[in-house]
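Working notes, structure below.
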Amino acid sequence: MNFFDKLIAAIERNQSLLYVALDPNCESLSFNTDESVLTVEQWQNRLESVVDQTVDVVCSYKLNLGFYQALGWQGMQLLEQVLQLIPSNLPIILDAKYSDLNSSNIFARLIFEQWKIDACTVSPYTGLDQLTPFLVYPGKAVFVLCTTANPSATILQEYPTSEQSLYLQLVQETQTWGTPEQLGLEVGMMADTLARVRKTAPERLILLEGDTSEENDLMEESELTPILAAGLNENGEGLLLPVPHCLLREENGNQAVTEFRDRINKIRTQDVQGSPTCNLWLPDICFLEHQPHRDLILQLYDIGCIIFGEHVQSSGEVFPYYVDLRRIISIPQVFHQIVSAYAEILEGLEFDRIAGIPYGSLPTATGLALRMERPMIFPRKEVKSYGTGRLIEGHFQVGEKIVVIDDILITGNSVMQGAEKLKSAGLEVEDIVVFIDHGRGVMDKLKKNGYQGHTVLTLAEISETLYQANRISSQEFDLFKESTEPTLS
Ligand SMILES: O=P(O)(O)OC[C@H]1O[C@H](OP(=O)(O)OP(=O)(O)O)[C@H](O)[C@@H]1O
Ligand SMILES: O=C(O)c1cc(=O)[nH]c(=O)[nH]1
């Protein structure tokens with residue numbers, strides 16, 4: 001199960017937004033000063049008892065690599081033992097603030113493949129290319145460090161001014177780096193900065209982090225209420241809070257954490273009262289509702305694939321917008337998700353080879369062929385006057401069944417021309433899979449011509465999602481609506 005689904009299931013099951021910082025940290029987890037120097041074996045027992053106390057009242061565990069490294073090679077063994085203590089249905093976040101030049105690839109492989117950790121924290125300052133090794137792991141996630149509550153960090157975070165601060169530019173920039181399922185934000189315990197981050201990134205999951213004393217301050221109503229008001233999204237969700245460590249030192253830690261969880265949930269319920277979007281406490285309804293395509297649609301918009309202004313389409317018509325899917329190949333983490341979305345459809349179809357319609361869909365067809373380990377061919381757009389002069393590139397046998405891949409269907413003419421070329425070479429084509437169906441009855445047109453169309457998204461779904469997420473105005477929404485009315489026959 002991927003990080004996000006595991007997290008949602010754990011939040012629902014334990015009705016909790018709490019995580020435990022599960023570290024061999026004397027300041028937070030030892031009982032008294034006599035125990036301040038614990039052996040590695042004693043730490044293992046102590047951390048095991050913390051897991052036992054909290055397993056039914058938290059939604060995840062966060063392990064800070066630094067505390068384990070500080071114990072030397074035995075600390076690394078302890079880390080591997082602690083990873084085994086945590087039930088597999090609770091996601092684990094490794095707090096490593098990673099993403100360094102040269103080592104991102106090997107570190108991503110270690111934590112996601114060898115340690116099988118679900119998510120990790122990363123530092124953003126090496127830029128997207130160093131984060132990409134983490135983002136391309138399907139089902140894994142990162143939390144980008146945005147702010148801490150460290151007083152001396154303010155001069156950097158709020159550079160050049162608190163209104164145009166660096167951390168908010170960072171939040172905006174990361175909107176294009178990964179979907180909300182892949183990329184969350186790590187934010188320090190200051191209600192005002194938290195509120196600004198939430199306003200700038202309403203869909204992102206926020207991992208709230210503080211030092212031991214800031215965590216313990218959450219016990220105070222006067223600290224907890226403003227933090228929740230600032231960090232929760234409009235459905236009373238989207239925020240992961242640390243369990244104050246003082247609760248884990250109590251004799252009945254489970255009861256203490258349960259009471260704290262219930263206090264948070266009471267405030268959350270009050271916060272969302274009157275919200276028409278979510279019945280938070282009815283078990284079968286809309287708890288952190290998972291809309292599989294929403295994130296992908298927002299991501300497409302954020303990376304500039306949907307633009308407004310008059311544009312000539314492939315068919316020669318002029319629309320007041322353009323869907324520019326050529327950009328996806330330059331953003332590997334988005335491209336991965338798009339290939340996965342196509343693959344889900346292809347898995348239900350029978351075919352011998354995959355064919356991409358040039359040029360736009362050749363990278364996607366290649367990605368699918370590699371992902372699904374199936375051979376690929378493509379019909380040329382124009383036949384070369386030199387070389388082999390072939391119409392169809394790649395190897396095939398007459399009579400084979402081909403699934404055709406295109407990115408967008410507007411009139412359907414491009415994809416049908418491509419399919420006809422394949423058929424003229426003795427291949428069978430029935431299924432056509434596209435990423436976006438523009439609407440206007442083009443699927444029926446395919447059917448009348450003997451093809452079965454399948455699509456990941458429709459333009460209507462895209463425009464509705466963007467409008468609901470406040471990405472586009474009602475006027476822009478109407479532009480889509482007018483151009484997608486059925487017209488084709
Ligand atoms: O349904 P239609 O009206 O035919 O429009 C959709 C086609 O337009 C685009 O290709 P384009 O003609 O821009 O060529 P390219 O892929 O070579 O850029 C797109 O990749 C589709 O194949
Ligand atoms: O290839 C595309 O992405 C594309 C082609 C086209 O004609 N119209 C559009 O919006 N996108």
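For the numbers below, each heavy atom of this structure counts, side chains included, while hydrogens, waters and symmetry mates do not. In each ligand, atom 1 is the first atom listed, and ligand 1 is the first ligand listed.
Not a single heavy atom of Ser361 sits under 4.0 Å from any atom of ligand 1. Ligand 1 has at least one atom lying under 4.0 Å from a heavy atom of Arg326. Contact analysis leaves Val415 out of contact with ligand 1, as no non-hydrogen atom separation drops below 4.0 angstrom.
Arg374 has no carboxylate O lying under 4.0 Å from a charged side-chain N of Asp352, or vice versa, which leaves the two without a salt bridge. Taking a cutoff of 4.0 Å between a charged side-chain nitrogen and a carboxylate oxygen, Arg471 and Glu203 qualify as a salt bridge. Classification of Glu186 and Lys97 as a salt-bridged pair holds, one side-chain N sitting under 4.0 Å from a carboxylate O.
The aromatic rings of Phe134 and Tyr98 sit tilted, their planes meeting at an angle between 30° and 60°. Ring pair Tyr322/His311 is tilted by interplanar angle, where 30° to 60° counts as tilted.
Near Pro358, the atoms of ligand 1 lying under 4.0 angstrom from a non-hydrogen atom of the residue are 16 (O), 17 (O). Set against the non-hydrogen atoms of Gln313, the atoms of ligand 2 under 4.0 Å away are 6 (C), 7 (O), 8 (N), 9 (C), 10 (O). Near Gly360, meaning under 4.0 Å from any of its heavy atoms, are these atoms of ligand 1: 15 (P), 16 (O). Near Arg326, with a cut-off below 4.0 Å to any heavy atom, the atoms of ligand 2 are 1 (O), 2 (C), 3 (O). Close contacts between ligand 1 and Leu409 involve ligand atoms 1 (O) [criterion: under 4.0 Å to a heavy atom].
A heavy-atom distance below 4.5 Å is found between the side chains of Cys59 and Leu7. Annotation: side chain of Ile328 is in contact with side chain of Cys305 (closest heavy-atom distance under 4.5 Å).
Among all non-hydrogen protein atoms, the one lying nearest atom 2 (P) of ligand 1 is Thr411 OG1, 3.3 Å. When hydrogens are left out, the protein atom nearest atom 6 (C) of ligand 1 is Ile408 O, 3.2 Å; that is the closest non-hydrogen contact. With respect to atom 7 (O) of ligand 2, the closest heavy atom belonging to the protein is Ser314 N, 2.8 Å. Protein heavy atom at the shortest distance from atom 7 (C) of ligand 1 is Ser414 OG, 3.5 Å. At the top of the distance list for atom 12 (O) of ligand 1, counting protein heavy atoms only, stands Ser314 OG, 2.8 Å. Closest to atom 17 (O) of ligand 1 among all protein heavy atoms lies Lys381 NZ, 2.5 Å. Taking atom 4 (C) of ligand 2 as the reference point, the nearest protein heavy-atom neighbour is Tyr322 OH, 3.3 Å. Taking atom 22 (O) of ligand 1 as the reference point, the nearest protein heavy-atom neighbour is Asp406 OD2, 2.7 Å. For atom 20 (O) of ligand 1, the nearest non-hydrogen atom of the protein is Asp407 OD1, 2.6 Å.
Each of Tyr19, Phe4, Phe3 was compared with Pro91 under the side-chain contact (heavy atoms from CB on, under 4.5 Å) criterion, and only Phe3 meets it.
Under the 6.0 Å cut-off for aromatic ring centres, Phe319 and His438 qualify, their centroids lying closer than that.
For Glu393, the salt bridge (charged side-chain N to carboxylate O under 4.0 Å, His left out) partners at least two apart in sequence or on another chain are Arg380.
Below 3.5 Å of separation, one finds no N or O of Ser315 facing any N or O of ligand 2.
At a heavy-atom distance under 4.0 Å, no atom of His438 approaches ligand 2. Looking at Ile408 against ligand 2, only its side chain comes within 4.0 Å, counting heavy atoms.
When the heavy-atom distances from atom 3 (O) of ligand 2 to Ile328, Val323, Ile307 are ranked, the shortest goes to Val323.
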Compile the donor-acceptor pairs under 3.5 Å between side chains in residues 188-197 and protein atoms, sequence neighbours left out, one pair per line.
residue, atom, partner, partner atom, Å
Thr193, OG1, Met190, O, 3.1
Arg196, NH1, Tyr167, OH, 3.1

